[in-house]
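Heads up, the thing below is written out as structure tokens.
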Amino acid sequence: MMKRTLTTLLAAMIGAALFGQVKVAVHENATDQPVIPKEIYGQFAEHLGRCIYDGIWVGKDSPIPNIDGYRKDLVEAIKELKVPVLRWPGGCFADEYHWRDGIGPQSERPKMINSNWGGTVEDNSFGTHEFLNFCEMLGIEPYISGNVGSGTVEELAKWVEYMTAKGGTMADLRAKNGRKEPWNVKYLGVGNENWGCGGNMTPEFYSDQYKRYATYCRNYDGNRLYKVASGASDYDYNWTKVLMRNVRRDISGLSLHYYTGGHSTALDFGEDEYYNMLGKAVEVDEVLRNHEAIMDLYDPERKIDLLLDEWGTWFRVEPGTNPGHLFQQSSMRDAMVAAMSLNIFHKHTARLKMTNIAQMVNVLQAMILTKGSEIVLTPTYHVFRMFNVHQDAISVPVDVPDDSQVSPSGRIYPELSVSASKSDAIHVSLANPSVTKPKTVELEFDALKPSSVTGEILVGKGKGIEAVKSHNDFGGKTEIAPAAFKDFKTSGRTVKVTLPPASVVVLEIK
């Protein structure tokens, strides 16, 4: 008996070592859990490269099929994502953008040099009406970034009035330009990266500027503004401390930016850099905790939200493209970063209420790539589509054993990423970042005895590091797309899942 028991235990240990077995406790009956706001799946569209022009907007006279100037194929793709909120017009562009240049007859709008992004000419054909009508058409909440760096208090105040007031001079001007009724505009960013491209300010100076600008951004005719202060970059905890100390009134949210960068292009990397990038990506967990701890000191009731309104991968541009247009391919590595990041965000939603990946189309970690009449759905797009089942669901705690690994450059990353939520079913999202080892995961529920399990999987083409380099491209090259996932077994209160190397899986369990 003893010999058999030891033999069985040894076999289990060897199996775990060889096949990466791990047990995850899923506490589906936990109470008082936060909701995962749909805004965690927010997007960002800046006047940068081909994000707006050729990406979202081609114009009504374009030979590319369009709906009132918006790319028809992009509109259909965005609908599938259930995008909750879209930030515009920047980014750094926002603090050089003067909204009056983007209203009125398009042929009469003044042109400007986009000095932040490649020195290209901005013709302002996509302005306030075009953006807000796009959001309205798709049921997306607009998030306006106001110009604090080079604008005036009056300019931002009049923009708010132009968009949201039912009567008065600005409403008359809006009606003259073709829109009688005001739009609903909730989110207003008072500046962007004001520690850098938004004016190179100190946090003390910006605190006073925020209060000044926010004072004159009024609520008109039932429209209630949710005002966002321009927050810190990455590890700048002092910026958060100063703003939380100095700005207590007329603020709903504080922003944060966090990017995962590298020296290679999106497709030119080895195994060492791959794991290093994952380590940098998941370090956002610690960064969020640290900023949240500072906010808790000054706002223990959590009345001020944290918004990670720029995040994602940032690599060298693709060869032959304008360095200022930030065009990069998107591989299975980007999908892994997206999945692991979203799993982390789900666990911070007591304070974290919105994130906005950079960016929606043709820029950085894009959902979509376009070229002429062609459109490509990236691996990151598929992760966002698969994960949108978590939107507005109740967060479900999971206990995942610490199986952290260390990259060659010393960054720590987990061998398994998991999160779960509860709505009409339990949804569990899992990511196995290993490029060589499958991972067997036993999900054990507190009380639920699963009677129905379905799933989807996203996995690269090929083996080893080549699998995470796989990508979709123009000319019909599709190497990555979701597929039905069936490699699981149920028994009592458990679901046993085998994840292939470098894979992302979402399960629906009832």
Side-chain angles (χ1 to χ4, degrees), residues 16 19-38 40-41 278 281-286 288-289 292 336-352 355 383-384 386-405 412-434 438-458 485 487-500 503-510:
F19 301 106
Q21 297 184 17
V22 62
K23 182 175 286 188
V24 173
V26 182
H27 304 297
E28 79 281 6
N29 288 337
T31 58
D32 299 323
Q33 296 302 303
V35 167
I36 298 172
K38 62 181 183 295
I40 291 294
Y41 288 81
L278 293 186
V282 300
E283 202 170 281
V284 73
D285 188 24
E286 178 184 352
L288 289 170
R289 285 200 308 269
E292 289 163 354
M336 193 63 65
V337 168
M340 297 174 78
S341 297
L342 290 168
N343 281 341
I344 289 170
F345 300 158
H346 293 168
K347 300 171 186 179
H348 285 267
T349 54
R351 174 77 78 172
L352 182 68
T355 80
V383 167
F384 268 68
M386 291 167 63
F387 275 48
N388 68 24
V389 293
H390 291 298
Q391 292 186 13
D392 282 342
I394 298 171
S395 180
V396 171
V398 294
D399 294 334
V400 184
D402 185 0
D403 58 355
S404 297
Q405 302 293 309
I412 299 171
Y413 66 94
E415 282 204 337
L416 176 67
S417 172
V418 185
S419 73
S421 68
K422 179 169 59 176
S423 52
D424 57 337
I426 304 293
H427 291 101
V428 182
S429 47
L430 309 100
N432 173 18
S434 173
K439 177 78 73 173
T440 299
V441 182
E442 187 175 285
L443 301 171
E444 184 175 51
F445 294 88
D446 286 343
L448 178 70
K449 293 182 179 180
S451 59
S452 170
V453 181
T454 57
E456 278 190 296
I457 184 171
L458 194 70
F485 178 73
D487 200 355
F488 56 81
K489 296 179 180 179
T490 61
S491 177
R493 293 184 292 108
T494 66
V495 178
K496 198 170 192 177
V497 183
T498 300
L499 306 173
S503 64
V504 175
V505 168
V506 175
L507 300 175
E508 180 174 285
I509 302 168
K510 298 181 178 180

Which heavy atom of [X] sits nearest to which heavy atom of [Y], and what is that distance?
{"X": "A420", "Y": "I36", "value": "O-CD1, 4.5 Å"}
{"X": "V396", "Y": "V26", "value": "CG1-CG1, 3.8 Å"}
{"X": "E508", "Y": "A425", "value": "CG-CB, 3.7 Å"}

Are the side chains of [Y] and [X] in contact, using a 4.5 Å heavy-atom criterion?
{"X": "V282", "Y": "I344", "result": "yes"}
{"X": "V505", "Y": "F488", "result": "no"}
{"X": "Y413", "Y": "S404", "result": "no"}
{"X": "V506", "Y": "V428", "result": "no"}
{"X": "P414", "Y": "D403", "result": "yes"}
{"X": "L507", "Y": "F485", "result": "yes"}
{"X": "M336", "Y": "V504", "result": "yes"}
{"X": "T494", "Y": "K23", "result": "no"}

Salt bridge check: are E415 and K439 linked by an N-O gap of less than 4.0 Å?
yes
Looking at R351 and E292, does any basic side-chain N land under 4.0 Å from a carboxylate oxygen?
no
In Å and rounded to the nearest 0.5 Å, what is the [atom1] to [atom2] distance from [X] to [Y]?
{"X": "M340", "Y": "S417", "atom1": "CE", "atom2": "OG", "result": "5.0 Å"}
{"X": "L342", "Y": "S429", "atom1": "CG", "atom2": "OG", "result": "8.0 Å"}
{"X": "L278", "Y": "I412", "atom1": "CG", "atom2": "CD1", "result": "13.5 Å"}
{"X": "I40", "Y": "S395", "atom1": "CD1", "atom2": "OG", "result": "10.5 Å"}
{"X": "H427", "Y": "K510", "atom1": "NE2", "atom2": "NZ", "result": "7.5 Å"}
{"X": "S491", "Y": "E444", "atom1": "OG", "atom2": "CD", "result": "10.5 Å"}

Apply side chain to side chain contact (heavy atoms under 4.5 Å, CB included) to residues H27 and Q33 and explain how you reach the verdict.
CA-CA 11 Å; H27 304 297; Q33 296 302 303; over 6 Å; no
Using the rule given for ring-ring contact (aromatic ring centres under 6.0 Å, His included), can you reason through Y41 versus F384, listing the C-alpha separation, both sets of side-chain angles and the distance that settles it, and then say yes or no?
CA-CA 7 Å; Y41 288 81; F384 268 68; 5.7 Å; yes
S503 and N432 side chains, donor-acceptor separation under 3.5 Å
no
Please tell me whether S421 and H390 have a donor and an acceptor in their side chains that are separated by less than 3.5 angstrom.
yes
Could you go through the side chain to side chain contact (heavy atoms under 4.5 Å, CB included) check for K496 and T440 one step at a time?
CA-CA 7 Å; K496 198 170 192 177; T440 299; 3.7 Å; yes
Is the backbone of E28 close enough, under 3.5 Å, to the side chain of K422 for a donor and an acceptor to pair up by distance?
yes
For K347, I'd like to know if atom NZ has over 12 heavy atoms of other residues, nucleotides or ligands within 6.0 Å.
yes
Stepwise side chain to side chain contact (heavy atoms under 4.5 Å, CB included) check, N29 with F445:
CA-CA 9 Å; N29 288 337; F445 294 88; over 6 Å; no
